[in-house]
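Notes follow once the structure below has been shown.
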Amino acid sequence: MSSQKNYLQELNEVQRQAVTVTDGPVLVVAGPGSGKTRVLTYRIAHLIETKAQPWEILTLTFTNKAAKEMKNRIEKVVGGSAKKVWAGTFHSIFAKILRVEAEKIGYPSNFTIYDTEDSKSVISAIIKEMNLDKQLYNPGAMLSRISSAKSKLITPKLYAQNEELIQQDRAGKRPYVYEIYERYTARCKRSGAMDFDDLLYRMFELLQSNPDNVTQKYQERFKYVLVDEFQDTNFLQYRIVKKLVDYPNSPRNICVVGDDAQSIYSFRGATIQNILDFENDYKAHGIKIFKLEQNYRSTEHIVQAANELIQYNKNQIQKTIRSEKGAGNRIKLFKALTDTEEGKRVVDMITEQKNREHLSNKDIAILYRTNAQSRVFEEYLRRYNILYRIVGGLSFYQRKEVKDLLAYMRLAVNPNDDEALKRVINYPKRGIGDSTVDKISELASQSKQSMWKVLPLISPTLGAKANKSLAGFVHLMESFQEKVKAVDAYEAANFITQQSGVLEAVKNDAPQESKDRTENIIQLLDGIKEFVETDLEEDADVADKSLASYLQNIALVTDQDQDKDDNDRVTLMSVHAAKGLEFSSVFVVGLEENLFPSFMSSDTMEGIDEERRLFYVAITRAEAYLTLTYAASRYSYGKMRYNEPSRFIEEIDWQHLDADVPLHQRKTDTTSAPSEASNRATVRGNFTQIRKNDLPIVDPATFRPSPSEQIAVGQRILHLKFGEGNVKNIDGTNEKRVATIVFPHLDEPEKRIMLKFAKLQILEG
DNA sequence: GTTGGTATCTGTGGA
DNA sequence: AGATACCAAC
């Protein structure tokens, strides 16, 4: 076939090299709109045509959707064999491998995947069991502490031995975190369950402990490894990748693609340190670095604004993105008085763009910082009869009735799944109350077995009534277990839906609610039917149409991955969800201090830098039209709040802007907000609250912040969130004074703190 | 064990 | 504001 390599003609010189240099380590730094996906897909296609079998290629992506899209595009070049490429998220690929290998590390192959809610519930139970104060030991905080330990490869044992961590916990008056971690791990194992971090952590454990030479098996299988969105991987993920490709005499055929300027997941442990480490780790093995700086997406005003904006960040790989699409339109800036007005005006502008520029709904996106902001826009879009779709937010699988049914299915597949059991043992009500459940749970803890396993042993401690109810439940579940083994997912799910009584229970809700919930249940069953009937891939484990197989497939599916319908709709989503996408016209809304940048990040320079990268991602989604909006006042949590325009607006050079208010007024204009200083002060006060999830914590009752003007170099200070530190340096003046403070006990001891926002108490000096 | 009312928390992003 | 967790009374 002579047409085979036509795809190489579609690439520029750097892109072509990034595609054709297939052997040895490669780092591709890819700016926004620089054809990154094209490079990745053509690289894989090129590999298949020149040197590798599809199943020898492993591609790790950020979303399942990205993987699917990539496969489709590879298929267009090389045909159906593209389906055999291993492409998926870290979580889904490792889940797939662990299904096969789990027994080697003491897990059942039908292990359950716990979502965040399940994990928190396990932790709550442990806190209760240990008689600890759950204000102090906030389950969410514990989970994030455990999660961050896991992603640094710190086991419960290592945690207990780690001076620094123990010190932090003691400072926060939480000396038992390590024990919660230990019990949590044991409890998950007992239930045959893995949480999201375990899918990575256990994969690493498998490769590390190497039972039956399993590591070699995967090292040999994956001859070429590619990682997309490398800037958003964490330490643990990088270590797994290293295990797979970096061993003696390995060809080290590893290609990572990323953009440090688009790193927006540090809250989940992602670190751009991985990019720097990658460079170092493979320097001796002839690493090739390619920078894609040509932007094919956006016009010049947009690209220039993005370039200028990102210069405000301290650390970055220097690059300049170029556009050849001409100047294009200026960036529109619109100020609204209220969030409602913002919603109305954005929808007005959408209508105008549709008429004047002949855009379709699908060309347009509204991007916001938090999902909660979507409501006003929905309201006006509905009022104006404009079709829209919301990406993200509460996922379908998180709705109560869906979770209830899924819990029954999970329990039928894996009876040791304690979280599922607790969810359904008395739903619908069947006379098994809290005290009975507590007894079961206690006995399970004592005998270190799952709750299901101790059910036969519990009867002597119960009354006749409870025993009867319990026997009924056991009988019901046994019938489900048999059904699951005998028939396909759809038949089993149907049986469970009917017999469990969930459908009946839902009918007793309020009329509208009942209708919605019934519809959701029907939708769930339809989804299962579709799963059974369609053969998307030739993979063996997808040909498996059992309920167990279905549950495995949906556990890692998010709304982002749902196939959109073909209707022409305006897209509403968070900026995070927009990563990797592009639209002809983009509205970035809610550009206010405390919202974007989020108040959660406003107290450190690192936090602000990440918000800025997020804003960078937001504006570079736009091809031709970019509109920025903000509101002087916004209603949230029952209160009117007044915020200043986002600092990011000022960071865009006026020459790229087309503003409805005189530019010099942008920051100082407060005329529209009620000017009572007291009102502002209270709001400010709320926003500078410390987060509960952050450890260690200084007792707020005894904390006496000093006026920020008094902070000076050499002082020993106390920070609400970070504890004790020393002021090493101060730069900037007045409003923009930034202190570099060293907190010796932290992982990253040096923090750059904006004095305007931070609350610091001078201890001495 | 169940019911109904009240207190409490939540409150950035997502696999 | 809204959802959930918790508790006291039946």
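By convention in this document, chain letters (A, B, ...) are assigned in the order of the sequence lines, proteins followed by strands, and residues within each chain are numbered from 1.
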- Item | Lys/Arg N to Asp/Glu carboxylate O, A/D232 vs A/K579, below 4.0 Å | yes
- Salt-bridge criterion met for A/E419 and A/R410 (N-O under 4.0 Å): no
- Message: Given the structure, check if the side chain of A/T116 and the base of B/dA15 hold any donor-acceptor pair shorter than 3.5 Å.
- Response: yes
Are any protein N/O atoms closer than 3.5 Å to N/O atoms in nucleotides 2-4 of chain B? If there are, list each pair with its distance.
residue, atom, partner, partner atom, Å
B/dT2, OP1, A/G431, N, 3.1
B/dT2, OP2, A/N426, ND2, 3.1

- Sort out for me which residue in A/L406, A/I113, A/L524 forms a side-chain contact (heavy atoms from CB on, under 4.5 Å) with A/I554. A/L406
- Query: For A/N371 and B/dG14, is the shortest distance between a side-chain N/O and OP1 or OP2 below 4.0 Å?
  - Reply: yes
- Note: A/E117-A/K120 ion pair, threshold 4.0 Å (strictly below): no
- For the pair made of CZ in A/F615 and P in B/dG13, what is the distance, rounded to whole Å? 19 Å
- Item | A/K400/A/D404 ion pair, N-O < 4.0 Å | yes
- How is A/T89 classified with respect to the nucleic acid when contacts are heavy atoms under 4.0 Å: base, sugar-phosphate, or nothing? sugar-phosphate
- What distance, rounded to whole Å, do you find between the two C1' atoms, one in C/dT4 and one in B/dG13? 22 Å
- Quick check, are the ring centers of A/F596 and A/Y368 under 6.0 angstrom apart? no
- Task: Determine, using ring centers only, whether A/F587 and A/F377 are less than 6.0 Å apart.
- Result: no
- Task: Look at the side-chain N and O atoms of A/S435 and state whether any lies under 4.0 Å from the OP1 or OP2 oxygen of B/dG1.
- Result: yes
- Mind checking whether A/F111 and A/Y107 have parallel, tilted or perpendicular rings, split at 30° and 60°? perpendicular
- Task: Return the stems involving DNA chain B, sorted by first number, where pairs are Watson-Crick (N1-N3 with N6-O4 or O6-N4) or G-U wobble (N1-O2 and O6-N3), both under 3.5 Å, and runs are 3 or more long.
- Result: B:1-10 with C:1-10
- Between B/dA15 atom C1' and A/I113 atom CD1, what is the distance in whole Å? 10 Å
- Closest of B/dG14, B/dA15, B/dG1 to the A/S574 side chain is B/dG14
